[in-house]
Structure formats: structure tokens, C-alpha cells
Amino acid sequence: MKVLLRGLTLACGVCGSRTLFRKWGMFAMVDDCPRCGLHFERMDGHSLGAVAVNTMTSSALVLTVVALALVIIGTDASTSTLLLLAAPAGLIFPILFDPVSRTLWNAIELLMRPPQANEIREEFRHIKVR
Ligand SMILES: [Zn+2]
């Protein structure tokens, strides 16, 4: 659970470092954790998991907005009204959620495949990722 909380708060899942993004723009993630040295792109195609996390979360948000609109307005709500309500959630949220989706995916991936000793600096090798 600790590693997932770290992922949700833009921190490294191994050491908790919060300096994973460059100063200009939350969308430029560093390649390696500056504290523990974990290389975030742990295998080819690793970032596709972050895209999947972002897509699933954004889709769930859009569906929630539409469902709430149908409950509040009623089932006679027009399609254009539903689109106007759901579009911001579907267009803006995925952009804002992108940094979180990357660190969250990294945390999920660390739980599925704990880091090997050669992936992190020696002083962090005793940490159990949970
Ligand atoms: Zn780290």
C-alpha cells in the first residue's frame, strides 16, 4: 500500500523521492530516480502501462460524470448536454492526470515485479517494496 500511495503522490515507489519531474512542466519525468537510481523505463514499452492507467481512470471519470448527469438531470437530457458536461472530464483530466499515471504505473509495476538488486543503489537495496 505504501508504494501505491507514493505513486499517487508523484513519488518514487522505492525511496519516496519527490523530485521526479523537471522544473518546467510536470510532463517531463526524469529517466532515473535521483535518490535510489531506479530506471523508470524498466523494460521496452513500460510507459504503455501509464497510458492504460490514464485511459482507464479518465474513462471511469467520464462515465461517472455522464451517470451523475443522467441521475441529476434525468434520462431526457440531450446528447449535447451530456457531451458538454463530459467533455472537460475527457479532455482536461487526462492531461492533468498524466504525471500521476506515470508514477502510479511505476508503483503498480514495482508491486508486480519488485526491483532487482542491480536496479537500485546499494543503500536502498534493503527496502521491501509493498
Ligand atoms: Zn527512488
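Just the heavy atoms: all of them, side chains too, but no hydrogens, waters or symmetry mates, feed the values below. When a ligand or atom number is given, it counts from 1 through the structure's own listing order. Numbers here are sequence positions counted from 1.
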### Message
For Asp76, is the CG atom crowded, meaning more than 12 foreign heavy atoms sit under 6.0 Å from it?
### Response
yes
Output a table of donor-acceptor pairs, distance under 3.5 Å, between side-chain atoms of residues 66-73 and any protein atom two or more places apart or on a different chain; print 'none' if there are none.
none

### Message
I'd like to know if the side chain of Arg102 reaches the main chain of Ser47, judged simply by a donor and an acceptor atom lying under 3.5 Å from each other, with no hydrogens or angles considered.
### Response
no
## Note on the structure
Report for the Zn ion (ligand 1), protein N, O or S closer than 2.8 Å, by chain and number, lists Cys12 SG, Cys15 SG, Cys33 SG, Cys36 SG
### Query
Is the side chain of His46 donor-acceptor paired with the backbone N or O of Phe40 at a distance under 3.5 Å, no angle test?
yes
### Query
In a check of side chain to side chain contact (heavy atoms under 4.5 Å, CB included) between Leu104 and each of Leu8, Val3, Thr57, which one passes?
Leu8
### Query
Can you find a heavy atom in the side chain of Thr103 that is under 4.5 Å from one in the side chain of Arg6?
no
